[in-house]
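Proteins get letters first, then strands, A, B, ... in listed order; numbering begins at 1 in each.
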Amino acid sequence: MLFNSIDFAIFLPIVFVLYWFVVNKNLKLQNLLIVIASYVFYGWWDWRFLSLILFSTIIDYLVGRRLKTENNKKNRLILLWVSILVNLGFLGFFKYYNFFLDNFVSAFSFFGTEINANSLNIILPVGISFYTFQTLSYTIDVYKRRLEPTKDFVAFSAFVSFFPQLVAGPIERATHLLPQFYKKRQFDYYKAVDGMRQILWGLFKKVVIADNCAEFANQIFNNSADYSGSTLVLGALFFTFQIYGDFSGYSDIAIGTSRLFGFDLMQNFNFPYFSRDIAEFWRRWHISLSTWFRDYLYIPLGGSRGGTLMKVRNTFIIFIVSGFWHGANWTFVVWGTLNAIYFLPLLLTKSNRSNLNVVAQGKILPTLKEFALMGITFVLTVFAWIFFRAENINHAFQYIAGIFTHPESFLAISVYWKYKTILVLLSIFMLIEWVGREGQFAIAHLGEKWKPAFRYAAYYLIIIAIFWFGGKEQQFIYFQF
Amino acid sequence: MKRFIKKTLFFPFGLIILYGIIYFCYNTYLNNKFSNQNAVFIWGDSQAYYGIDVKELSNKLEKKVYTSAIPGAGIYDFLLFTEQVPENSEVIVSVSKLVQIRRKENDFNRTGLSFWALKKMYNEDYSINEIYSIIKLNIKPKRNISETSELFAYSDSMEIGLPISHFEDYYREVPTFLEQKQDLYLIGIKNLIRKNCKVSFLELPYHSKLVNIESKSLIKKETDVFKYKIGKLFNNFKMDTISLNNNKNVFKDLSHLNSVGAKDLSNKLGTKMLVDEGTILYTAQ
């Protein structure tokens, strides 16, 4: 079920009413309702994949229970590996089987040995990378004794399958989300209103920004050989905003929806395109994944504790794995590597934590230096996105080469005029994001001090913009990851 | 909780009011040419869109001529057009057979929101789903009127645009919705009569290959009866023919005129309209 569909518009109020009016007296029933609703939500795509979630849930629940009573170090480690192998086994099979097989066959073929191996026609279960990482966080935290394993199977199932963030995050830590299922939820008016506001902004980002940008980005990337350099730059720019609007829009809707049910999810995006360096960008982009890799991969590998060489190695590992997490294609690996290369100078000069605060905090405009730094970081990010979006490495290089052909096209106003509506929308969008960059999301504090009529008018205008400027409905990009 | 539910339920009312105001203002701005009292307004589908040279017709009639013709125009678009034209104006309606027999889901249906038109369609057994999909297409106002036309460049020979089989499919059997569409067409025409408009009907020509298919089809009888029904709505209804110049190729493809054909047709149509009285169905050949 897509967040921007009629199905979800009907589904959400039904679950909301049942949750707060029918089963509100009983916490167990509330959790059970969340499990049922989540399974309906997920099964709407393909009910067959519900078995995967259920199986993961049972395995991790049982592993957690055994870890509670098991004190033998070796046995505990075996239990942990059972969970890791089961979860990553599913992920590996559904997401990476064909990739590894094809590369294996190509490698042998390179050395003159032909191998006959047939690729399987595997459908990737929606959001498998997200819930796999979420359940893994539970087992690892229980293993590390950072979290008491749960006895409550229903609460645990609800934690694994919680529908607002099931298919595209934020990837919640068990230590943060699971305890919320144990506590009685009280309806909080301000939290719910804030949630509605975040849903509205998420829809705007998805429907107006991402879907419109997607149409142009797809057109330009799919026919990149036919376009001049300036259009190719615009194509990369459109994809940059498409992926941001799409993914952060989804996260906003997920967080907003959770608030309606009395839950707090972690912030997943924090205005990443206003970052002054690439380290700051990664502290603001897909925060739940970056911190997951930091906590469960980077730190166990030694983090930044060792010598320079170790730090460099760990940085490359985390970025390459992060790239690979996004999909079974070398383009993602190159994208990850490129980000590691961007990160390296900051790491080596120990300046990777120099921009921790909000840019131009309390000011209307940034300084010239801040503006230049944001511009450079943005250009680097846009360049990396070309690899992320390209069909394959060759395509990415052809695309980049195409940018530098016909440089005179950069002066042709007609090129930009063709995309005037979306360019105006993007400018307005970035302006709103800039003004609201100190909040959790851009319109979190919109019109706080205004009269209600003006505040409501602003919300209505956003809704009208969604109706009028909404692009052709597109699948959320991150579902495929 | 009560406060939240109350506000959530009341929220859409404000939205509807504000949306209605903005929609009305923007729509009026986009289509303000409809307020011109002393102009000629054209409605039709792609045949009229490409087949009438608005400038030529305007010069001939010495009046402003506006066209609301649009490729794929459907019955909903026609109903909306009849609502928008001012009272006592002069109107040219292209009675396209393809508008009548085109599959409902292929109709353009995108010229604005009108509850009157939607209600009429609902009364004529358009399903809720069909109505809903029309509403969805019209959430944003659109300019439905223009004083220029887009003509196909002249070429010595006709291109085969859509293959002949496409039209054979269309004419194979009488569509179940034909009468439904024709009834709605009549409702629109009655609306023009109520507004005291001077209506001229225009049947644009098809290439002889298409005429052949049509003449063998059962649909021909239905569309002829329909013309008769239109005639019955008027006191002084006549039929006339416009013969296009045969010296040059006038067709772009099987169903559309090229710029030479459009200019010739518009010139001759204008000449006739200047002298003719009453309601006339012009059939161009």
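For chain B, the nearby part of Phe187(A) is the side chain; its heavy atoms alone come within less than 4.5 Å. Proximity to chain A is absent for every atom of Lys136(B), based on heavy atoms less than 4.5 angstrom apart.
At most 12 heavy atoms of other shown residues, nucleotides or ligands fall within 6.0 angstrom of atom CZ in Phe467(A). Within 6.0 Å of atom CZ in Phe21(A), more than 12 heavy atoms from other residues, nucleotides or ligands are found, so the atom counts as buried in its surroundings. Enclosure of atom CH2 in Trp44(A) is not indicated, since only 12 or fewer non-hydrogen atoms of other residues, nucleotides or ligands lie within 6.0 angstrom. Within a 6.0 Å sphere centred on NZ of Lys142(B), heavy atoms belonging to other residues, nucleotides or ligands number more than 12. The number of heavy atoms from other shown groups lying within 6.0 Å of NZ (Lys420(A)) is above 12. For Lys184(A), the NZ atom counts as densely surrounded, since its 6.0 Å shell holds more than 12 non-hydrogen atoms of other residues, nucleotides or ligands.
Between Leu260(A) and Phe4(B) there is a side-chain heavy-atom pair separated by less than 4.5 Å. The shortest side-chain heavy-atom distance between Tyr456(A) and Lys7(B) falls under the 4.5 Å cut-off.
Taking every heavy atom of both residues into account, Phe16(A) and Ile5(B) meet most closely at CE2-CD1, 4.0 Å. The nearest pair of heavy atoms linking Trp468(A) to Ile139(B) is NE1-O, 2.9 Å.
The aromatic rings of Tyr460(A) and Phe11(B) sit tilted relative to each other, their planes meeting at an angle between 30° and 60°.
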Test side-chain contact (heavy atoms from CB on, under 4.5 Å) on Trp20(A) and Met1(B) and set out the steps. CA-CA 9 Å; Trp20(A) 289 115; Met1(B) 174 61 94; 3.2 Å; yes
